[in-house]
Amino acid sequence: MPPHMSKTIDMEVLASLCKRRGFIFQSSELYGGINGFWDYGPLGCELKRNVKDAWWKTMVRAREDVVGLEASIIMHPAIWKASGHADGFADPMVDCKECRKRFRADQLCEEQGLALIKNGSAFALPADAACPACGSKNLTEPRSFNLMFKTFVGPVEDESNLAWLRPETAQAIFAQFNNILATARQKVPFGVAQMGKSFRNEINPRNYTFRSREFEQMELEYFIRPDEAVKLICGRVATLADNPDLAGEPQADWGWEVWHRYWVEQRLAWYRAIGLPAADLNQHWQTGDELAHYARACVDIEYAFPFGVQELEGIAARSDFDLSQHQKHSGKQLDVFDEALKQAVDRLDADAKDHCTQRIVAAWTGRGKSGEEARAFAVKLYEGKYVPHVIEPSAGTDRLALALLCNAYDEETITDEKGKTDQRTVMRFHPAIAPIKLGVFPLVKNKPPLYAKAREIFAKLQRRWPCFWDESGAIGRRYRRMDEAGTPWCVTVDFQTLDDGTMTLRDRDSMKQVRLGISELIEKMDAEIG
RNA sequence: GCGGGUGUAGCAUAGUGGUAAUGCUUCGGCCUUCCAAGCCGAUGAUGUGGGUUCGAUUCCCAUCACCCGCUCCA
């Protein structure tokens, strides 16, 4: 059963807070805005940076088997031909004005025995073309729905200078695979991570920042041995049926299925670690026709947004499709030499190899591939070479930031000792991603020694974390302002601080206060921010 | 892309064919020994463009943006 929001929030109320406090602004608002683009304000950019830092720390720096890449956004257009984006994005579409269904113009004409009229790069429908659904001839002209943003490299705007803004960051990793392999001192299995902007000319941006035309991705391409190589090296291939320990160290005998599941578990654990409750996360295992033709498996990690359960990240087992595509289109080899594999196959005699080849041919033809392809793969395998397979956890940074904002938003009614009730709006961010970690206040601002002491403490703490100084208004007001910014703690410097150095630490979620000294404070914050 | 709705200050609302109002916020000052206290003051708006009119924030048209539903989401 899909999860639902444990609380309901109105997206307009959240958007209003995001604007009021400086998390998210509409792009180009001064000029009336531009559809599908958003800006992050002072608090929002800190939030997003914290998300990216947490991802990079977990996925790259905390691991020995993953390295980073930062590729250009504009790349050789051939990359998008090889990946399939250039063709898949360029179909001319027509809409039926009567029943409002949309069709690919070329398919519609072909079904009706007609020819699509082409004038240069523009298309037109023959007069007899009719809507396949309702039969109406009241159709729009064919329009190209290329979802990649076009641009021109150099000052001359002609086809030879055409380039695209990347619609995903992943392809650069495949295109730079050989360079990374040669320089990173990694061996399969290993991964390459990249974060950065991508661009898709979405037909219909919707749901606040959820579907934007410019967005940021955090992608990992984790390269693994094909199962056939694992089998030769280890004598067996572990599957999920073997109950592998997915939380422990990865094992050499893991097949693609285990590796895929391993990354699903890793990613879910990370989402929980930055504060998304398990109850609001969902795994959607794609089946049959949902799967891309080259994908063996794909899991969407979904979050229960107020506007529905929607995808945060897709974790796909993409076989060797991507590297093979680039191998074909570039004419360059993108296989690896695996010493362990070579040693394993060298122990086999000719009979054993024949037997192995037969098994591979049988398995491959069973999946609809040709026997010839299978035999070519086997020959390479006996040289210790293969094109690595890949597991791709691909997350949307902005979607995650939005999920974190939705999850953090809370309103509560509080009652004071006199029985007076009051509404409190509080962003309950996990300390690791909170834009500001600590508010620092002098209890009053018109007592110079107290004020000076507070400034001194602020200066000390600000060197370690993003802190916010606030001396304006009553103390309660300052706490509430920090609540809306999602600041987990505030310290207030009072007269006792001048005597013994202790101050009050006020907790955002419980509003409880404790007295502690600066070293205890630093220790506590280090522990909780992580 | 289609249909419906909405655009007045940072936010929430009011109002008008003739000087655009209020609350909160923000900023400054006074005060203030721990949860949006009080007092004084300040900044700040009719999405954009065109039309009708002596005069348009108000009426009309277009456009842009946002929201809802459909569609789309390689």
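Per chain, numbering begins at 1; letters A, B, ... match sequence-line order.
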What is the distance, to the nearest angstrom, from the CD1 atom on A/I414 to the P atom on B/C34? 16 Å

Taking a pair as Watson-Crick or G-U wobble with both distances under 3.5 Å, which nucleotide is matched to B/C66? B/G5

When the aromatic ring centroids of A/Y40 and A/F23 are compared, is their separation below 6.0 Å? no

Could you measure between the two C1' atoms, the one in B/A12 and the one in B/U52, and give it in whole Å? 34 Å

Who pairs with B/G49 - Watson-Crick or G-U, where each distance is under 3.5 Å: B/C61

I need the CZ-C1' distance between A/F210 and B/C67, as an integer number of Å. 17 Å

Closest to the 5' end of RNA chain B, once A/M511 and A/R399 are matched to their nearest nucleotides, is A/M511

Give me the distance, rounded to whole Å, that separates B/G69 from B/C11 when you measure between the C1' atoms they each carry. 28 Å

If you compare every side-chain N and O of A/R206 against the phosphate oxygens of B/C72 (OP1, OP2), does one of them come in below 4.0 Å? no

Write down the distance separating the C1' atoms in B/A14 and B/A45, rounded off to the nearest Å. 13 Å

Any N or O donor-acceptor pair under 3.5 Å from the base of B/C72 to the side chain of A/N204? no

Length of the line joining A/L14:CG and B/A12:P, which is rounded to integer Å: 13 Å

For A/Y222 together with A/W259, are the ring centres under 6.0 Å from each other? yes

Inspect the contact between A/E214 and A/R200 and indicate whether a charged nitrogen and a carboxylate oxygen are less than 4.0 angstrom apart. no

Given RNA chain B, 5'-ward residue of the pair A/S472 and A/N35, judged by closest heavy atom: A/S472

Under a 3.5 Å cutoff, is there a donor and acceptor pairing between the side chains of A/E411 and A/Q423? yes

Is any side-chain N or O of A/K19 closer than 4.0 Å to OP1 or OP2 of B/C11? yes

For A/D500 and A/T502, test the side chains for any donor-to-acceptor distance below 3.5 angstrom and give the result as yes or no. yes

Name the closest nucleotide to the A/T504 side chain, picking from B/C34, B/C35, B/C66. B/C34

Are A/R21 and A/E484 close enough for a salt bridge, meaning some N to O gap below 4.0 Å? yes

Could you work out the separation of B/C40 and B/C24 based on their P atoms and round it to a whole Å? 12 Å

Using both distances under 3.5 Å as the test, list the Watson-Crick or G-U wobble partner of B/U13, or none. B/A21

Nucleotide of B/C67, B/C35, B/A36 approaching A/Y208 most closely (side-chain heavy atoms): B/C67

Among B/A36, B/A65, B/C34, the nucleotide that comes nearest once only the side chain of A/R477 is considered: B/A36

Taking atom types as they are modelled, would you say the side chain of A/Y479 forms a donor-acceptor pair with the base of B/C34 within the 3.5 Å cutoff? yes

Is a donor-acceptor pair below 3.5 Å formed from side chain A/S16 to base B/C11, judging by atom type as modelled? no

Value in whole Å for how far the P atom of B/C66 lies from OH of A/Y31: 18 Å

For A/R506, answer base if it contacts any base atom (sugar-phosphate contacts may also be present), sugar-phosphate if it contacts only those atoms, and nothing otherwise; contact means non-hydrogen atoms under 4.0 Å. base

Rounded distance in Å between the P positions of B/G10 and B/U43: 15 Å

Calculate the interatomic distance between A/D494 atom CG and B/U33 atom C1'; express it in whole Å. 7 Å

Within the 4.0 Å heavy-atom criterion, would you say A/Q26 contacts the bases, only the backbone, or no part of the nucleic acid? sugar-phosphate

Pairwise P distance for B/A20 and B/U46, with rounding to whole Å: 11 Å

Which value, in whole Å, describes the distance between the P atoms of nucleotides B/G41 and B/G49? 35 Å

Between A/H260 and A/W285, does the ring centre distance come in under 6.0 Å? yes

Scan every strand shown for a Watson-Crick or G-U wobble partner of B/C30, both distances under 3.5 Å, and answer none if you come up empty. B/G38

Distance flag, aromatic centroids of A/F149 and A/W80, threshold under 6.0 Å: no

Mind checking if A/D483 touches a base, just sugar-phosphate, or nothing, with heavy atoms under 4.0 Å? nothing

Distance-only donor-acceptor check, side chains A/E168 and A/S198, under 3.5 Å: no

Of all the choices, B/C11, B/C67, B/U33, which nucleotide is nearest to the side chain of A/V444 once you look at every atom? B/U33

Is there a side-chain polar atom (N or O) of A/N446 under 4.0 Å from OP1 or OP2 of B/C30? no

Does anything in residues 485-492 of chain A come within less than 4.0 Å of RNA chain B? Heavy atoms only, and list the residues if so. A/T492

When you get a sec, tell me which of B/C72, B/A37, B/A74 is the closest nucleotide to the side chain of A/R211? B/C72

Any donor-acceptor pair, under 3.5 Å, between the side chain of A/E484 and the base of B/A36, if you only look at N and O atoms? yes

Using the P atom in both, what is the distance from B/C72 to B/C2, to the nearest Å? 15 Å

When the side chains of residues 521-529 of chain A are checked against the rest of the protein, which donor-acceptor pairs come out under 3.5 Å, sequence neighbours left out?
from   : atom 1 : to     : atom 2 : distance (Å)
A/K524 : NZ     : A/E528 : OE2    : 3.0
A/D526 : OD2    : A/R464 : NH2    : 3.2

Taking atom types as they are modelled, is there a donor-acceptor pair under 3.5 Å from the base of B/C67 to the side chain of A/E12? no

Looking only at the side chain of A/R20 (C-beta and beyond, no hydrogens), which of the listed nucleotides B/C66, B/G10, B/A74 gets closest? B/G10

